[in-house]
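Have a look at the structure below before the remarks.
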There are 2 protein chains.
Amino acid sequence: MKSEILKYLSKYTKVTNELESAIIKSTFIESFKKGTILLNAGDISNECYFLLKGCIRSYIIENGEEKTIEFYTEEQVVTPFNYGKSTPSNYYLECTENVIVSVGNPKLEKETFLQYPQLESLSRVIAEVIMAKNQDSFAKFKTSNPEERYLNMLKERPELIQRVPQHQIASYLGIKPESLSRIRKRIINKK
Amino acid sequence: MKSEILKYLSKYTKVTNELESAIIKSTFIESFKKGTILLNAGDISNECYFLLKGCIRSYIIENGEEKTIEFYTEEQVVTPFNYGKSTPSNYYLECTENVIVSVGNPKLEKETFLQYPQLESLSRVIAEVIMAKNQDSFAKFKTSNPEERYLNMLKERPELIQRVPQHQIASYLGIKPESLSRIRKRIINKK
DNA sequence: ATAATTTCTTAACTATAGTCAATGAATTGA
DNA sequence: TCAATTCATTGACTATAGTTAAGAAATTAT
């Protein structure tokens, strides 16, 4: 399992033996059952995750309604908004499937970074890449309408549509389930 | 002017004398006239900015239409999506006012980080904070409708509404200028 | 296996955003 | 300062999303 992490990091840097052992030492693996809530709104978040297997969903509850913010799948990093800070989370993290993750926490991180400065450097680079991707998806979301968003999702993350229920996809796209149903129908008729 | 940067950084860390001189050495200030394009779509981006004075807007052109992604104002960091990478930018950066910025580039950054590792550490922390904020605004955008987005903007960035033209705000909110005009009318009538 | 629950689809209706066109207001440039 | 240009508002009309309600389909639990 840990080799998945090394494979991921090797996209960003040459993984030396030293780095490899640093990772292996400072990393531990955990499994969670489908349905497990990893973080509750109102709680302090003290863990971040690297997803090895499964799917994690972040969502908020507004007027009694769940609104999906993001779906995380294999090889994605899940860092709660306020990871390592003392402010409570405003959203939930839920396993929508059985999940295997590599877990990090601020204390462990700090120690590791002190001992292996190149890991902090790597962390910064990866944080910047993720940030760029986030900005990119935000831009795409803003500049498209619901139908385009769904088509884009079909193109970019087709497997996700098979893995998660449609009403969660709807809220992820910023619309109601009924609308997504109609959009799907519209698309089929257009073909 | 440089003291503004130190003031900003002091929110995240104790600014030691060493850090202060590191910043001062590795930083230079530039001014740009209103209307200046700092980055063109298709170009490689080689600079990032810390905004000391003025406003910078990022936008893309889609079907001949400008769509505003973000407005950056005082004390904000402008890092192009692909800053330091060799892939061309997919969007524009434009000064919507006369602008004073502190400029960074990857080469300078690299040298500075080598010499002052605590600055890289600080960079990572700030990157994470910005990331969290981005995720937060994305979540807010997704979970609200155009009217709520405008009301939220009125609350969060009231000065911005005075500073930039309304059709740019409309595209920033993901709607057409005519719709924003109607939303404003609706809000006034509700009061 | 069957009942209970949840999810998805459809329909009728309402509210709001998009489109196109016209006009008035504000800004910019010579 | 006046003309030209850009920007904001309004109206009429269209398209699409939200709402409510009902029923079908799929999933889950006993």
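Numbers restart at 1 for each chain; the letters A, B, ... are given by sequence-line order, proteins then strands. Values reported hereafter were calculated over all heavy atoms of this structure, with side chains retained and with hydrogens, waters and symmetry mates removed.
The only option from Arg182(A), His167(A), Glu65(A) that meets the side chain to side chain contact (heavy atoms under 4.5 Å, CB included) definition with Lys176(A) turns out to be Glu65(A).
The side chain of Ser181(B) places an N or O atom within less than 4.0 Å of a non-bridging phosphate oxygen (OP1 or OP2) of dT9(D).
Regarding Lys33(B), its NZ atom lies at a distance of 15 Å from the P atom of dT28(C), rounded to whole Å. Across the protein-nucleic acid pair, Glu65(B) atom CD and dA17(C) atom P stand 16 Å apart, rounded to whole Å. Rounded to whole Å, the distance from CZ on Arg149(B) to P on dA17(C) is 9 Å. Atoms NZ (Lys185(A)) and P (dA25(D)) sit 14 Å apart, rounded to a whole Å. Note: CG (Asn145(B)) to P (dG18(D)) measures 9 Å, nearest angstrom. One atom, CG of Leu180(B), and another, C1' of dG18(C), lie 14 Å apart when rounded to the nearest Å. One atom, CZ of Arg184(B), and another, P of dC7(D), lie 15 Å apart when rounded to the nearest Å. Look at CD1 on Ile188(A): it is 11 Å from C1' on dT9(C), rounded to the nearest Å.
Using a 4.5 Å heavy-atom threshold, the side chains of Tyr172(B) and Arg57(B) count as separate.
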- Test salt bridge (Lys or Arg N to Asp or Glu O under 4.0 Å) on Glu97(A) and Lys34(A) and set out the steps. CA-CA 4 Å; Glu97(A) 304 174 349; Lys34(A) 174 173 176 175; over 6 Å; no
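The side chain of Arg186(A) lies closest to dA17(D), out of dT10(C), dA17(D), dT28(D). Minimum atom distance to the side chain of Glu178(B) is reached by dT9(D), of the listed dA21(D), dT9(D), dA17(C).
Aromatic ring orientation, Phe138(A) versus Phe138(B): parallel (interplanar angle below 30°, classes split at 30° and 60°).
The structure places CG of Asn152(B) at 9.5 Å from CG of Leu173(B), a figure rounded to the nearest 0.5 Å.
Base engagement by Arg182(B) is indicated by at least one non-hydrogen atom pair under 4.0 Å involving a base atom.
The stretch residues 161-176 of chain B touches DNA chain D through Pro165(B), Gln166(B), His167(B), each having a heavy atom within less than 4.0 Å of the strand.
Evaluation of the ring pair (Phe, Tyr, Trp, His ring centres under 6.0 Å) rule for Phe28(A) yields no partner, not counting sequence neighbours.
Mapping Pro146(B) and Lys34(B) onto DNA chain C by nearest heavy atom places Pro146(B) closer to the 5' end of the strand.
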Just distance, no hydrogens or angles: give the donor-acceptor pairs under 3.5 Å from side chains in residues 113-127 of chain A, sequence neighbours left out.
from: Tyr116(A); atom 1: OH; to: Lys25(A); atom 2: NZ; distance (Å): 3.3
from: Glu120(A); atom 1: OE2; to: Ser121(B); atom 2: OG; distance (Å): 3.2
from: Glu120(A); atom 1: OE2; to: Arg124(B); atom 2: NE; distance (Å): 2.6
from: Glu120(A); atom 1: OE2; to: Arg124(B); atom 2: NH2; distance (Å): 3.1
from: Ser121(A); atom 1: OG; to: Glu120(B); atom 2: OE2; distance (Å): 3.2
from: Arg124(A); atom 1: NE; to: Glu120(B); atom 2: OE2; distance (Å): 2.6
from: Arg124(A); atom 1: NH1; to: Glu128(A); atom 2: OE1; distance (Å): 3.4
from: Arg124(A); atom 1: NH1; to: Glu128(A); atom 2: OE2; distance (Å): 2.9
from: Arg124(A); atom 1: NH2; to: Glu120(B); atom 2: OE2; distance (Å): 3.1

